Protein chains: 2
Amino acid sequence: MGLRERKKEKTRLAILDAALDLFLEQGYDSTTVEQIAGSVDISPRTFFRYFTSKDSLVLWFHDHGEEIITETLRSRPPGEPPFTSMVHGLRAVLSDMQDSTPQDAERFLKLRRLLDDHPHLVGLSVARGAETERRLAAAVAERRGVDPADDRMSHLVVAIAMSALRVGFECPKRERPDLGEVLGQMEETIVLVEGMLRPGWDLRGTREPSDRGEALDA
Amino acid sequence: MGLRERKKEKTRLAILDAALDLFLEQGYDSTTVEQIAGSVDISPRTFFRYFTSKDSLVLWFHDHGEEIITETLRSRPPGEPPFTSMVHGLRAVLSDMQDSTPQDAERFLKLRRLLDDHPHLVGLSVARGAETERRLAAAVAERRGVDPADDRMSHLVVAIAMSALRVGFECPKRERPDLGEVLGQMEETIVLVEGMLRPGWDLRGTREPSDRGEALDA
DNA sequence: ATCATCGTGTCACACTGTGACAGAAGTCGC
DNA sequence: GCGACTTCTGTCACAGTGTGACACGATGAT
């Protein structure tokens with residue numbers, strides 16, 4: 001990796017850290033791009049070359065997570081029930097976080113506190129999650145060998161799995177949990193969701209309600 | 001109702017209709033507030049007195065839906081399983097739509113087409129849904145008599161119910177479905193979700209995974 | 001060293017959204 | 001109808017986000 005790319009990555013993280021600190025200090029809305037840029041000594045224009053928007057600061061970890069899940073889906077055996085595959089994806093995300101550097105862990109926790117203080121930002125995060133859901137649903141539908149466009153079952157599989165992750169992330173037992181506690185709660189929530197589903201529900205093809213029942217296609 | 005309020009409502013709907021048409025014609029991003037305001041002969045400043053933002057045009061129906069669900073939750077018997085209550089809420093929303101005026105139905109379908117064409121807008125809609133979820137989760141937690149702050153079960157109940165509504169809304173079988181078809185698919189999706197859950201799952205208290213099982217508190 | 005490439009800053013600009021104020025229009029009393 | 005009062009609306013000014021164009025300097029390959 002060349003000097004250029006290392007420098008770029010360093011700037012990127014510098015911007016991110018400066019922004020998170022400013023957001024936590026004085027609030028998201030009251031922090032301007034100009035301030036963020038100023039505090040890492042770049043021009044506002046350059047800021048937008050690293051992050052497409054102020055909002056995207058809050059979403060920086062999404063891409064990585066989606067990538068992990070997508071890759072997990074690809075690596076799971078073809079016959080596996082789709083929800084099981086998704087859950088493996090979720091756990092891969094968690095274990096990736098567990099192995100993250102202390103700096104990344106701290107960023108993650110700062111972000112979590114930020115979302116806690118600003119419910120509006122949760123919306124952003126969820127909005128991004130919706131795009132992710134579409135792509136994952138398409139991947140799941142492909143695995144199931146059905147048309148991705150209108151397969152509600154695939155969408156539901158993904159939506160429910162993502163809900164588990166989100167609810168676990170959002171519901172803290174304590175005021176300022178550490179990384180292990182957050183991950184633990186996310187894992188607990190996954191277990192909770194697994195326990196609430198009827199075994200085999202995700203093997204059923206998506207048919208009209210009238211012929212549900214005999215349509216177990218695995 | 002005075003002349004003022006009628007006029008206000010008329011302007012509000014005129015703005016909404018003009019905006020939806022412009023959005024469908026030339027895209028959401030390429031339509032400016034100035035254009036919308038111009039096409040109903042008001043100043044841009046006035047536009048923002050009717051809609052707090054350009055985005056909020058896309059969210060105009062959310063408030064009503066949330067209100068219906070909240071009210072439904074209030075009216076259901078206290079001992080009812082929370083997910084059952086939520087499903088009643090969802091169906092109340094559907095039946096309210098069924099009874100809507102032709103104009104409202106058309107607006108709803110236009111909005112649906114708009115969301116279809118612009119995945120980005122789905123994010124907005126979902127973001128708003130997240131706020132709704134928080135409030136509904138608090139209401140559900142209250143019904144269950146547990147602390148609303150960290151009850152993952154309540155959040156899950158709401159998240160899953162809302163997922164059903166959303167997935168049904170988003171997955172069209174045909175290119176340009178009419179209101180009945182959309183509502184039918186939403187209903188089908190609700191049925192699908194009901195069928196995939198283990199009976200009684202939502203009666204369990206939110207405890208540590210270790211003492212799940214004996215914790216049936218209803 | 002040299003040249004092409006890429007990152008950055010500067011300038012200019014469009015768009016969204018808000019506060020302040022003045023004038024127009026609706027509302028209520030008489 | 002007239003006047004006083006309230007509410008709505010338009011104009012103006014402005015902060016902030018985000019983008020395109022261009023020029024300059026740093027980086028990387030040869």
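Since this is a predicted model, take the numbers as computed values, not measurements. Proteins get letters first, then strands, A, B, ... in listed order; numbering begins at 1 in each.
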Within the structure shown, what part of the strands sits under 4.0 Å from Thr31(A) by heavy-atom distance: base, sugar-phosphate, or nothing?
sugar-phosphate

Lys7(B) has an atom NZ; how far is it from atom P of dA25(C), in whole Å?
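To the nearest whole Å, that distance equals 8 Å.
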
What is the distance, rounded to the nearest whole Å, between atom CD of Glu34(A) and atom C1' of dT17(D)?
12 Å

Spacing between Arg4(A) atom CZ and dT8(C) atom P, to the nearest angstrom:
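It works out to 9 Å between those atoms.
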
For a quick test of reading the model: is some side-chain N or O of Ser43(A) closer than 4.0 Å to OP1 or OP2 of dG9(C)?
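So the side chain of Ser43(A) is within the cut-off, an N or O lying under 4.0 Å from OP1 or OP2 of dG9(C).
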
Of all the nucleotides listed (dT17(D), dT27(D), dT8(C)), which has the minimum atom distance to the side chain of Thr32(A)?
dT17(D)

Options dT16(C), dG7(C), dT17(D), nucleotide nearest the side-chain atoms of Lys54(B):
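Nearest to the side-chain atoms of Lys54(B), counting from C-beta on, is dT16(C).
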
Please report, rounded to the nearest Å, how far the P atom of dT9(D) is from the CG atom of Leu3(B).
11 Å

Quick check: does any side chain N or O of Gln35(B) sit under 3.5 Å from a backbone N or O of Thr32(B), one acting as donor and the other as acceptor?
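Yes, because the side chain of Gln35(B) sits within donor-acceptor range (under 3.5 Å) of the backbone of Thr32(B).
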
Are Lys110(A) and Phe23(A) in a cation-pi setup, meaning NZ or CZ lies under 6.0 angstrom from the ring centre and within 45 degrees of the ring axis?
no

Ignoring hydrogens and angles, does a donor from either the side chain of Arg49(A) or the base of dG18(D) sit under 3.5 Å from an acceptor on the other?
no

So, is Tyr50(B) close to the dT9(D) phosphate, meaning a side-chain N or O under 4.0 Å from OP1 or OP2?
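Looking at the OP1 and OP2 atoms of dT9(D), one of them is under 4.0 Å from a side-chain N or O of Tyr50(B).
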
Exceeds 12 heavy-atom contacts within 6.0 angstrom, atom CD of Glu106(A)
no

When the ring centroid of Phe51(A) is compared with that of Trp60(A), is the distance short of 6.0 Å?
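No, they do not, as the ring centres are separated by 6.0 Å or more.
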
Distance criterion of 3.5 Å, no angle test: do you see the side chain of Arg45(A) paired donor-to-acceptor with the base of dG7(C)?
no

Whole-Å distance separating the CZ atom of Phe48(A) from the C1' atom of dC15(C)
13 Å

Ile36(B) CD1 - dC15(C) P separation (whole Å)
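Result: 12 Å.
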
Rounded distance in Å - CZ (Phe51(B)) to P (dT16(C))
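Answer to the nearest Å: 15 Å.
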
To the nearest Å, give me how far apart CZ (Arg6(A)) and P (dT27(D)) are.
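Value for this atom pair: 11 Å.
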
Could you report the tightest heavy-atom contact between Glu170(A) and Asp116(A), atom names first, then the distance?
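Closest heavy-atom pair between Glu170(A) and Asp116(A): O-OD1, 4.4 Å.
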
Quick one: label Ser30(B) by what it contacts on the DNA or RNA (base, sugar-phosphate, nothing), any heavy atom closer than 4.0 Å.
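Counting heavy atoms under 4.0 Å across all strands, no contact is made by Ser30(B).
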
